[in-house]
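Worksheet for the structure shown next.
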Amino acid sequence: MQSKKRSPAKLLETLRRNWEFQQVFRVGKSIPGREIVLYGMRTRRKHARFGFNVSKKVGCAVVRNRLRRRLREICRLFLGEIRTGWDLVLVARSDAAERDFWSLRQAFQQQAQRLGCWSEQAQPAGKT
RNA sequence: UAAGUUAGCUGGACGGUCGCGGGGCGGUGCAUCAUCGCCUUGAGGAAAGUCCGGGCUCCCAAGGGCAGGACGCUGGAUAACGUCCAGUGAGGGCGACCUCGAGGAUAGUGCCACAGAAAUGUGAACCGCCGUUCCUUGGAGCGGUAAGGGUGCAACGGUGGGGUAAGAGCCCACCAGCGGCACGGUGACGUGCCGGCUAGGUAAACCCCGUCCGGGAGCAAGACUCAUUCGGAGGCGGAGACAGCAAUGUCUCCCCUGGCGGCUCGUCAGGCUGCCUUCGAGUAUGUUGCAUCAGGCGGGCGGUAACGUCCGUCGCAGAGAGAUGACCGUCAACAGUUCGCUGUGACAGAACCCGGCUUAUAGGCUGACUUGCUAG
RNA sequence: GGGGGCGUGGCCUAGAGGCUUAAGGCGCCGGCCUGUCACGCCGGAGAUCGCGGGUUCGAAUCCCGUCGCUCCCG
């Protein structure tokens, strides 16, 4: 079911420094949701970058690890559909700990489309 | 068969597609590095809390004492422990068995509210009991008495008998407690005998005694490497010639800046708020510490056991914003089933490493034992 | 990684083995006052002392374990 054509940016590059997160929070737009809050900011880079923020209020270390891995997997699968030149930060809320993978994926897809970083060439109707 | 006690084990398994961290091999680009392919490997019984004990590393000290802290029945195990094992004693349970911070109250100090006469001191009479004196229905005074009542968590050994005016270890028997002796045991202690008749509780109050502990910091310890930086030393405009093996020195010409000089010229100073070389300190960064060790598994021997020892075998995570995720199928477990199937899967994530303790935990498995009931 | 502090009515504090039935202030409720509200006065309700266990005759207090919050250093 997966397309064999890989996107040119193979590696999932992540934000690491605190000032990078603060820049996205300060400059970019925010799309709030029940499970996650999506922050986005346009850059001049050739690829998209992602940051994940799961605070201690969400749950214990196992819950936080699993949620961050799920969000990372969602971003990896949607890497071809995201426009290049965006820095995105996914902040998990406490309701995200009870959701499964598919509802998280659907929520992220809707929020990314509202933010405007979704590319028009890829057809999201093929996957569901 | 029902209820229960206890000692352990396990913490889903297999496969497919996409994807990730470490290691090894090979290819390509440019050798650090990047990328691709293949192989291999990749969280726990508690990884948790950080409550103890160590290893390891650095600094200070290097002797002795005080102080301080921890521990506290006995013997053993261990690198060490507050842990473990085996015993002793006390308490609880019909029992299997469980629990115990379990030294000292005769070293000293403190406290024991309220109630009660009295709360620890060679001392105590509230109601009673008895004797006696006085008025004399009944009471008052004095004396004796700790057996009875009452208070209290606790009242100066308990029960029974003798004894007495009434009583009292005043006397006797047994019991509890204290001291001594003998025997058994490594020891805690147990058993027996004898003695004088009595000593409150509290040390998770201060304290005393005994044992142990160098102190402090912690892998963000520490070590190496060093951009920037700081400090020391030395040198420095360009070209040419000469001397010299060279470093270097001298001379000539030219260039720049400034002073003197009215100017060309001349003369003097500098080419230095900079750069280069080298040495040292040392931050960011990078490398290391970093996973082969009080190691796991199996077996033999010693020991009741904890554990020790020997042999064989295995190689088993190592990140630096932090690697295990998503989907599907089969089997196993549990629950509900209309017997087609459907649903559920606990607690929870290594960060230098070990030994423990404590806490959380769906379920499943095994062994031993106790008390009932039934049947033989 | 290392260390400290706190938890008491809805909120902020006190209490430090018994004299306490846990005290005070703000808040809440009822009444009085006022034409009404506020202020003031009187009265009242409201506490598993974070949780579990132990020591003691007796625990909010002492000891042990545990949970939560918060702060500091690197």
Side-chain angles (χ1 to χ4, degrees):
Chain A
M1 61 191 283
Q2 295 290 337
S3 62
K4 286 293 184 289
K5 296 177 283 295
R6 307 279 302 278
S7 58
K10 299 185 183 69
L11 217 60
L12 189 73
E13 189 170 350
T14 57
L15 302 177
R16 300 176 180 207
R17 291 289 167 189
N18 190 24
W19 61 267
E20 296 174 333
F21 281 87
Q22 295 302 322
Q23 197 176 22
V24 175
F25 290 151
R26 201 171 50 246
V27 177
K29 291 166 62 181
S30 70
I31 305 294
R34 185 175 291 276
E35 294 88 3
I36 56 178
V37 182
L38 182 65
Y39 289 84
M41 182 185 73
R42 295 182 72 90
T43 60
R44 295 175 177 274
R45 296 176 190 275
K46 295 280 174 50
H47 50 266
R49 298 193 302 172
F50 299 91
F52 305 98
N53 190 342
V54 185
S55 83
K56 227 170 188 177
K57 278 188 255 181
V58 176
C60 60
V62 172
V63 175
R64 280 181 278 132
N65 265 333
R66 186 169 56 227
L67 189 55
R68 181 171 46 80
R69 285 165 184 158
R70 280 179 173 166
L71 294 179
R72 181 193 288 268
E73 177 74 11
I74 288 167
C75 292
R76 191 186 65 81
L77 291 174
F78 281 158
L79 200 57
E81 279 80 9
I82 304 279
R83 277 190 189 165
T84 59
W86 279 82
D87 279 356
L88 299 176
V89 173
L90 285 79
V91 178
R93 307 186 66 183
S94 56
D95 283 344
E98 288 97 29
R99 297 293 188 274
D100 59 343
F101 176 76
W102 296 110
S103 56
L104 286 176
R105 184 181 131 130
Q106 191 178 4
F108 172 73
Q109 184 175 353
Q110 290 174 357
Q111 285 172 313
Q113 283 168 352
R114 284 183 56 196
L115 186 62
C117 63
W118 201 264
S119 77
E120 292 86 356
Q121 285 87 358
Q123 295 300 320
K127 353 209 121 204
T128 303

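Chain identifiers are assigned alphabetically (A, B, ...) following the order of the sequence lines, protein sequences preceding nucleic acid strands; residue numbering begins at 1 within each chain. Values below: all heavy atoms of this structure, side chains included; hydrogens, waters and symmetry mates excluded.
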So that I can tick it off, tell me whether Glu73(A) and Arg76(A) are bridged by a salt bridge, with the cut-off set at under 4.0 angstrom between side-chain N and carboxylate O. yes
Base-pairing assignment for A38(C) (Watson-Crick or G-U wobble, both under 3.5 Å): none
Send over the distance from Leu79(A) CG to G19(B) P, rounded to a whole Å. 13 Å
For nucleotides 343-349 of chain B, which of its nitrogen or oxygen atoms have a protein nitrogen or oxygen under 3.5 Å away, and what is each distance?
unit_1	atom_1	unit_2	atom_2	d
G349(B)	OP2	Ala61(A)	N	3.3
G349(B)	OP2	Val62(A)	N	3.4
G349(B)	N7	Asn65(A)	ND2	3.4
G349(B)	O6	Arg69(A)	NH1	3.3

How are the rings of Phe78(A) and Phe108(A) set relative to one another: parallel (under 30°), tilted (30 to 60°) or perpendicular (over 60°)? parallel
Identity of whatever pairs with A117(B) - Watson-Crick or G-U, under 3.5 angstrom: none
Compare side-chain N and O positions of Trp102(A) against OP1 and OP2 of A326(B) and report whether any pair is under 4.0 Å apart. no
Listing time: all N or O pairs from protein to nucleotides 65-68 of chain C that are below 3.5 Å?
none

When you check the phosphate oxygens OP1 and OP2 of A326(B), does a side-chain N or O of Arg70(A) lie under 4.0 Å from one of them? yes
Could you check whether Arg72(A) gets within reach of a base, just the sugar-phosphate, or nothing at all, counting any heavy atom under 4.0 Å? sugar-phosphate
Pairing nucleotide - G282(B), Watson-Crick or G-U, each distance under 3.5 Å: none
Mate of A227(B) where both pairing distances stay under 3.5 Å, Watson-Crick or G-U: none
Write down the partner of U277(B) under the Watson-Crick or G-U wobble criteria, each distance required to be under 3.5 Å. A233(B)
Which base sits across from C253(B) as a Watson-Crick or G-U pair, both distances under 3.5 Å? G238(B)
Atom-pair distance (CG on Leu67(A); C1' on U324(B)), nearest Å: 16 Å
Determine which pairs satisfy ring-ring contact (aromatic ring centres under 6.0 Å, His included) with at least one residue from residues 24-46 of chain A, sequence neighbours left out, and list them in order. Phe25(A)-Tyr39(A)
Take atom P in G367(B) and the same atom in G15(B), then report the distance between them in whole Å. 31 Å
Any strand, both distances under 3.5 Å, Watson-Crick or G-U wobble: C142(B) pairs with G131(B)
Using Watson-Crick or G-U wobble geometry with both distances under 3.5 Å, which nucleotide pairs with A2(B)? U371(B)
Pair Ile36(A)-Val91(A), side chain to side chain contact (heavy atoms under 4.5 Å, CB included): steps then yes or no: CA-CA 5 Å; Ile36(A) 56 178; Val91(A) 178; over 6 Å; no
Quickly work out the Phe101(A) CZ to G19(B) C1' distance and round it to whole Å. 11 Å
